[in-house]
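Here the structure is a predicted model, which is why all the values come from computation and not from measurement.
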Amino acid sequence: MADVITYRDAVAEGIAREMRRDPSVVCLGEDIGAAEGVFKTTVGLLKEFGPDRVWDTPISEQAIVGAAMGAAMTGMRPVAEIMFSDFLACCYDYIANEIPKVRYMTGGQVTVPLVVRTANGGGLGFGAQHSQAVENWVFAVPGLKIAAPSTSDDVVGLMAAAIRSDDPVVFFEHKGLLATKGPPAAEGHVVELGRARTMRDGDDVTLVALASTVPVALDAAERLAGDGVSAEVIDLRCLVPLDVAAVLASLEKTSRLVVIEENPYQGGWGGTLVSVVADEGFDLLDAPIKRIAAACVPLPFADALEAQVIPGVDAVTERVLELAAY
């Protein structure tokens with residue numbers, strides 16, 4: 001086994017492991033077969049599993065997710081790819097009104113065990129219609145689980161848990177992380193949905209991040225250490241289930257909280273997290289909670305402008321130093 005694996009290759013590896021384990025797992029999406037994915041996240045799947053289990057589809061998000069829903073209701077475990085997360089808007093009726101409601105409305109007689117995986121987020125200059133971080137779109141829908149890994153081993157472990165879930169999971173793969181490298185996942189590696197991960201221990205402030213903001217938080221924590229501030233970094237990994245207990249446990253040590261998200265500030269998932277912390281852990285706090293989020297504007301195409309919209313290390317470091325001095 002290689003010493004490192006890219007996040008991109010970990011996606012294909014995670015899917016392949018589950019397809020080998022369970023013959024009911026199938027994949028469908030645009031260009032995922034012969035072309036091996038526009039982001040090369042399905043490399044080798046068609047060759048190993050064939051066209052009966054890896055389906056190239058028309059360019060129709062409604063068709064992809066609708067077919068996946070029907071397949072899931074009749075005994076399969078489909079993994080459907082929506083090429084860019086922005087295009088979840090094209091199949092939002094299925095995502096919001098149909099898929100998450102079936103198990104509840106049938107009293108558990110019918111489940112919809114499917115994964116909708118999608119390339120999410122900005123930082124690559126793809127413009128306003130191909131760069132959005134849209135976890136908040138699905139976070140507002142009861143009945144969906146949401147995973148968003150930041151590391152290659154978590155890609156594999158969370159993919160396993162997502163595919164095995166009897167509830168529908170939206171799985172966000174961040175475009176800006178695809179080329180990053182990390183240790184490969186051990187055989188049989190499964191990460192429980194809704195279990196946060198402490199990426200760095202600290203005593204002075206808790207930084208809570210997700211997906212692309214995890215490396216931002218880690219870089220900021222390294223810089224802050226030079227200023228005498230010890231930052232603990234928590235990778236939520238999932239938004240549903242949301243591991244608030246891990247955040248509260250960290251606050252018992254640090255008493256200060258900064259949430260870093262790529263969603264726009266307005267309607268971002270951080271708003272929910274901090275409201276729960278304020279409700280359940282107010283007595284743990286020695287300073288106001290701070291949210292660092294993207295600006296409420298369409299994503300610019302120009303790199304320099306995009307960098308002004310999406311939170312970076314400088315913004316995090318500056319805000320934490322202010323909070324540490326409170």
Undergrad: Check whether the side chains of Gln132 and Asp86 place a donor and an acceptor atom closer than 3.5 Å, and report yes or no.
TA: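 Indeed, the side chains of Gln132 and Asp86 share at least one donor-acceptor pair under 3.5 Å.
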Undergrad: Would you say the side-chain atoms of Asp153 and Thr151 include a donor-acceptor pair closer than 3.5 Å?
TA: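 On atom types as modelled, these side chains qualify, holding a pair under 3.5 Å.
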Undergrad: Group every Ile, Leu, Val, Met, Phe, Trp and Tyr by side-chain heavy-atom contacts under 4.5 Å, then state whether Phe171 and Leu177 land in the same group.
TA: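 The answer is yes; both residues are in one hydrophobic cluster.
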Undergrad: Could you check whether atom CD1 of Ile59 has more than 12 heavy atoms from other residues, nucleotides or ligands sitting under 6.0 Å from it?
TA: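 Atom CD1 in Ile59 is not crowded, with 12 or fewer foreign heavy atoms closer than 6.0 Å.
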Undergrad: Hey, is the main chain of Val229 close enough, under 3.5 Å, to the side chain of Asp227 for a donor-acceptor pair?
TA: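 No; judged by distance alone, with no hydrogens or angles, the pair does not exist.
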Undergrad: Which atom pairs, donor and acceptor, lie under 3.5 Å between side-chain atoms of residues 266-277 and protein residues at least two apart or in another chain?
TA:
unit_1	atom_1	unit_2	atom_2	d
Ser275	OG	Gly271	O	3.4
Ser275	OG	Thr272	O	2.7

Undergrad: With a 3.5 Å cut-off and no angle check, do the side chains of Asp167 and Ser165 form a donor-acceptor pair?
TA: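 Side-chain D/A pair, Asp167 to Ser165: absent.
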Undergrad: If two hydrophobic side chains count as joined below 4.5 Å and joins carry through other members, does Leu242 share a cluster with Met199?
TA: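 No; Met199 is not reachable from Leu242 via cluster members.
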Undergrad: Could you tell me if the side chain of Glu36 sits less than 4.5 Å from the side chain of Leu45, heavy atoms only?
TA: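 Answer no - side chains too far apart.
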Undergrad: Taking CD in Glu48 as the centre, count heavy atoms belonging to other residues, nucleotides or ligands within less than 6.0 Å. Is the count above 12?
TA: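 More than 12 heavy atoms, drawn from other residues, nucleotides or ligands, come within 6.0 Å of this atom.
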Undergrad: Looking only at side-chain N and O atoms, does Glu232 offer a donor or acceptor that is under 3.5 Å from a partner on Thr254?
TA: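 Checked: Thr254/Glu232 side chains show no N/O donor-acceptor pair below 3.5 Å.
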Undergrad: Are there over 12 heavy-atom neighbours, none belonging to Arg164, within less than 6.0 Å of that residue's CZ?
TA: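 Counting other residues, nucleotides and ligands, CZ of Arg164 exceeds 12 neighbours.
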Undergrad: Ring-plane angle category for Phe39 and Phe84, please: parallel below 30°, perpendicular beyond 60°, tilted otherwise.
TA: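 Ring orientation of Phe39 relative to Phe84: perpendicular.
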Undergrad: Do Thr111 and Asp166 have side-chain atoms, one donor and one acceptor, less than 3.5 Å apart?
TA: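 There is no such pair between these side chains.
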Undergrad: Does atom CD (Gln129) have a neighbourhood of more than 12 heavy atoms from anything else shown, all under 6.0 Å?
TA: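 At most 12 heavy atoms, drawn from other residues, nucleotides or ligands, come within 6.0 Å of this atom.
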